[in-house]
Amino acid sequence: MANFAKSRGPRFSAEVYQNPYLPEGGREVHAIVTVTATGGGTTGGRPVPRAGSGGPEAGVVIMVDCSGSMDHPPAKLRGAREATAAALDTVRDGVGFAVVAGTHRAVEVYPGGGRLAAAGADTRAQAKEALRTLTAGGGTAIGSWLRLTGRLLSSAGAGIRHAILLTDGRNEHESPRELRDALDACSGSFTCDARGVGTDWEVKEVTAIASALLGTADIVADPAGLTADFTRMMEAAMGKEVADVGLRLWTPLGAETVFVKQVAPTVEDLTGRRRESGPRSADYPTGSWGDESRDYHLCLRVPAAGIGQEMLAGRVSLIFTAPDGDPAQGPPQPLSQGLVRALWTDDLAASTSINPQVAHYTGQAELAQAIQQGLDARKSGDIDGATAKLGRAVQLAGASGNDETAKLLAKVVDVVDTATGTVRLKAKVAEADEMTLETRSTKTVRVKK
C-alpha cells in the first residue's frame with residue numbers, strides 16, 4: 001500500500017481483500033479493493049487553482065427544469081427556486097457558479113455571457129434576484145442543458161467541476177440518441193447529481209444521467225424536501241478536494257479483466273468505461289473525491305496453472321488523470337496501489353472459501369439486480385416473476401443488513417418470511433414508493449466489522 005506525498009493531501013490508500021487460492025486449473029480471481037481518501041485540502045496530483053490564480057478552485061452549475069409541468073402544482077417551481085437559493089448559500093466564496101434554466105432549450109439565468117460568476121455576497125444576491133424571473137413553460141430537452149453546462153464549466157478552468165440537475169418530467173423534446181450523445185460529450189468533463197421531483201419523471205432516464213456523469217440520483221417526491229436535498233448535495237460538492245482520479249488496473253501477459261465495479265456506496269459497473277493507458281493496463285474513471293471511502297469489485301481471468309504455482313494476477317493503482325489526457329499535466333501521479341494475487345492449491349477448503357467482502361458485495365450487486373428485474377416484471381404484469389425477484393431481494397437485504405432497502409421493499413411487498421424470501425405483492429403501491437425503491441436500488445451497505 002502506498003500513499004501520495006504527505007504535503008499534497010488528501011492521502012489515498014488502497015486495501016485488497018481476497019482469497020488468492022485457486023484449485024488446479026482455476027482461472028477466475030475476485031478481489032474487493034477499498035480506496036480511502038483522507039486529509040483533504042488540495043487535489044493530490046492536480047493542485048486546485050485558487051481564486052485569483054487564473055481560475056476558480058471549483059465550478060458548479062445548477063440546472064433547473066422550467067418546463068410547463070413545473071407549474072403543476074406551482075409548489076414545484078417555487079420549491080426549485082428556494083432550493084437553488086439555499087444551495088447558492090452553501091457555495092464557498094471564490095467558487096465559480098452559474099444557474100441554467102432548462103426547457104426545450106437551455107438558457108443562462110445567471111450570470112450570463114457564457115461564464116461563471118465568483119461566489120460572494122454580491123453575486124449570490126444577484127443570482128437570487130435572477131431566480132425570481134424563472135417561469136414555467138416549454139418542453140424538456142435535457143441534452144441541451146448538459147451541453148451548456150459543460151461549456152460553462154470547461155470555460156472556467158476550474159479544478160473541481162460539478163453540476164446539479166433537477167427535472168420533473170420525461171425528456172420528450174429530443175431523441176434518446178441526442179441525450180446519449182450529450183452524455184458522451186460531457187462524460188469526464190464534470191460530475192452531475194440528478195434529482196427527480198414529483199412522480200412524473202422516468203427513473204431509468206434520471207439514473208442513467210447520474211451514472212454516466214459519476215454522480216448520484218434520487219427522488220424528491222415532495223417539493224418541500226428540495227431545499228434540504230439541494231443543500232446536502234452542494235455541501236458534498238464543496239467537500240470534494242481532488243479531481244479526475246482514475247482506477248488503473250494492470251494485468252500480466254495472458255490475464256484479462258472480466259469486470260470492474262464500484263460496489264460501495266452504490267453499485268456502478270465501470271467495465272464499459274475502460275480506457276487503455278499502456279501495455280496491459282487500463283484506467284476506469286472514479287470522478288472527484290473528498291474525505292471518503294469507496295469499494296470496488298475486480299474480477300480477473302488468469303492463465304491456468306499447476307499446484308504450488310503463484311502469480312501476480314493484477315495491480316490496481318489510484319492515479320490522477322488529466323482531462324482528455326492533457327499532456328501539460330505530465331505523467332499520471334500514483335496515489336496508492338494494491339496487489340491481487342493467485343496461488344494454486346490442492347487444499348479444497350482453501351480454494352473453495354469465499355472472502356467475506358467478496359461474498360457480501362456479490363450479494364449487494366445481486367440485490368440491486370433483483371429489485372430492478374422485479375419492478376420491471378411487476379410493471380409488465382408478470383406477477384410470478386415479480387414475486388420471485390422481489391422475494392429474493394427481501395432475502396438478500398435481510399441477510400446483508402441493508403435495512404434501508406428492506407424498508408423500501410416492505411412498501412412494495414408484504415413480507416411473509418425474510419429468511420426464505422417469501423413475499424406477496426401488495427395490491428396497491430404508491431407510485432412514489434415504487435419509484436423510490438427503483439431509484440435507490442443500487443445503494444449498498446458495507447461489510448459488518
Quiz item: Does the pair D403/K407 count as a salt bridge with the N-to-O cut at 4.0 Å?
Solution: no
Quiz item: Is the backbone N or O of Q373 less than 3.5 Å from a side-chain atom of Q369, with the two atoms forming a donor-acceptor pair by type?
Solution: no
Exercise. Would you confirm whether R81, through its side chain, and L134, through its main-chain N or O, come within 3.5 Å as a donor-acceptor pair?
Key: yes
Quiz item: Which is it for Y17 and D295 under the side-chain contact (heavy atoms from CB on, under 4.5 Å) test, yes or no, and what are the steps along the way?
Solution: CA-CA 10 Å; Y17 301 93; D295 292 336; over 6 Å; no
Quiz item: When you check the gap from the basic side-chain N to the acidic O, do K379 and E438 get nearer than 4.0 Å?
Solution: yes
Practice problem: Apply side-chain contact (heavy atoms from CB on, under 4.5 Å) to N355 and Y361, showing your working. | Solution: CA-CA 10 Å; N355 177 271; Y361 285 121; over 6 Å; no
Quiz item: With a 4.5 Å heavy-atom cut-off, do M63 and V100 have their side chains touching?
Solution: yes
Quiz item: Do R440 and E404 sit within salt-bridge range, that is, some charged N less than 4.0 Å from a carboxylate O?
Solution: no
Quiz item: Got a salt bridge between D283 and R248, using NZ or NE/NH1/NH2 to carboxylate O under 4.0 Å?
Solution: yes
Quiz item: Does the salt bridge (charged side-chain N to carboxylate O under 4.0 Å, His left out) test come out yes or no for D93 and R124, once each step is laid out?
Solution: CA-CA 10 Å; D93 285 352; R124 288 192 192 91; 2.8 Å; yes
Quiz item: CG/L166 to CG/D193 distance, rounded to the nearest 0.5 angstrom?
Solution: 12.0 Å
Quiz item: Can you tell me if R92 uses its side chain to pair, donor with acceptor, with the backbone of M238 under 3.5 Å?
Solution: yes
Quiz item: Rounded to the nearest 0.5 Å, how far apart are CZ of R274 and CG of L249?
Solution: 7.0 Å
Quiz prompt | Donor-acceptor pair, side chain of T286 and main chain of V245, under 3.5 angstrom | solution = yes
Quiz item: Between E235 and R232, is there a salt bridge with N-O shorter than 4.0 Å?
Solution: no
Quiz item: Could you give the distance from NZ (K261) to CG (L298), rounded to the nearest 0.5 Å?
Solution: 11.5 Å
Quiz item: Do the side chains of L116 and V61 get nearer than 4.5 Å, heavy atoms only?
Solution: yes
Quiz prompt | Donor-acceptor under 3.5 Å (T90 side chain, A86 main chain) | solution = yes
Quiz prompt | Exercise: identify the closest heavy-atom pair between V412 and E434 | solution = CG2-CA, 4.4 Å
Quiz item: Can M435 and W201 be said to form a side-chain contact (heavy atoms from CB on, under 4.5 Å), step by step?
Solution: CA-CA 9 Å; M435 292 177 71; W201 49 281; 3.5 Å; yes
Quiz item: Just wondering, more than 12 heavy atoms not from K204 lying within 6.0 Å of its NZ?
Solution: yes
Quiz prompt | Among L339, I32, V33, side chain to side chain contact (heavy atoms under 4.5 Å, CB included) partner for V16 | solution = V33
Quiz prompt | Q364 and S400: side chain donor to acceptor below 3.5 Å | solution = yes
Quiz item: Any salt bridge between R161 and D244, counting N to O under 4.0 Å?
Solution: yes
Quiz item: Just by distance, with hydrogens left out, do S277 and S281 show a side-chain donor and acceptor under 3.5 Å apart?
Solution: yes
Exercise. Quick one: pull up CG in L390 and CD in Q395 and give me the separation to the nearest 0.5 Å.
Key: 13.0 Å
Quiz item: Would you say the side-chain atoms of R275 and Y284 include a donor-acceptor pair closer than 3.5 Å?
Solution: no
Quiz item: About how many Å separate CD of E15 and OG1 of T36, when rounded to the nearest 0.5 Å?
Solution: 6.0 Å
Quiz item: Is the count of non-hydrogen atoms from other residues, nucleotides or ligands lying under 6.0 Å from K240 atom NZ greater than 12?
Solution: yes
Self-check item: Side chain T207, main chain T439, donor-acceptor under 3.5 Å
Solution: no
Quiz item: Got a salt bridge between K389 and D376, using NZ or NE/NH1/NH2 to carboxylate O under 4.0 Å?
Solution: no
Practice problem: May I ask you to test the L213-L146 pair for a side-chain heavy-atom distance under 4.5 Å? | Solution: yes
Quiz item: Is a side-chain N or O of T84 found less than 3.5 angstrom from the main chain of A80, in a donor-acceptor match?
Solution: yes
Quiz item: Does R147 pair with D181 as a salt bridge, N-O distance under 4.0 Å?
Solution: no
Quiz item: What are the two closest heavy atoms between S293 and T34, and how far apart are they?
Solution: OG-CG2, 3.5 Å
Exercise. Flag the pair H297 / H30 as yes when at least one side-chain heavy-atom distance between them is below 4.5 Å, and no otherwise.
Key: yes
Quiz item: Would L247 and L318 count as a side-chain contact (heavy atoms from CB on, under 4.5 Å) if you check the C-alpha gap in whole Å, the side-chain angles of each, and the deciding distance to 0.1 Å?
Solution: CA-CA 5 Å; L247 192 74; L318 275 297; 4.0 Å; yes
Quiz item: What is the distance from atom NE2 of H360 to atom CZ of R446, rounded to the nearest 0.5 Å?
Solution: 9.0 Å
Quiz item: With distance as the sole criterion, is a donor-acceptor pair present between the side chains of Q372 and S441 under 3.5 Å?
Solution: yes
Quiz item: Do L437 and K411 come within less than 4.5 Å of each other through their side chains, counting heavy atoms only?
Solution: no
Quiz item: Closest approach of P223 and K76, non-hydrogen atoms and distance?
Solution: CG-CG, 3.7 Å
Exercise. Using a 4.5 Å cut-off on heavy atoms from C-beta on, say whether the side chain of V220 contacts that of F230.
Key: no
Quiz item: What are the two closest heavy atoms between L367 and A393, and how far apart are they?
Solution: CD1-O, 3.2 Å
Quiz item: Just by modelled atom types, is the T103 backbone N or O under 3.5 Å from a matching donor or acceptor in the W145 side chain?
Solution: yes
Quiz prompt | Side chain proximity check, E268 to T442, heavy atoms < 4.5 angstrom | solution = no
Quiz item: Of all heavy-atom pairs between S67 and A136, which one has the smallest distance, and what is that distance?
Solution: O-CB, 3.4 Å
Quiz item: Side-chain contact, heavy-atom cut-off 4.5 Å: L214 with P285?
Solution: yes
Self-check item: Sidechain-backbone polar pair: S144 side chain, A141 backbone, donor-acceptor under 3.5 Å
Solution: yes
Quiz item: Which atoms form the tightest heavy-atom contact between A158 and A58, and what is the distance?
Solution: CB-C, 3.6 Å
Quiz item: Where the side chain of T271 meets the backbone of V260, is there a donor-acceptor pair that is under 3.5 Å apart?
Solution: yes
Practice problem: Could you check T387 against R378 for side chain to side chain donor-acceptor pair (under 3.5 Å), going step by step and ending with a plain yes or no? | Solution: CA-CA 8 Å; T387 303; R378 185 179 180 278; over 6 Å; no
Practice problem: Would you tell me whether H162 and T191 have side-chain atoms, one donor and one acceptor, within less than 3.5 Å of each other? | Solution: yes
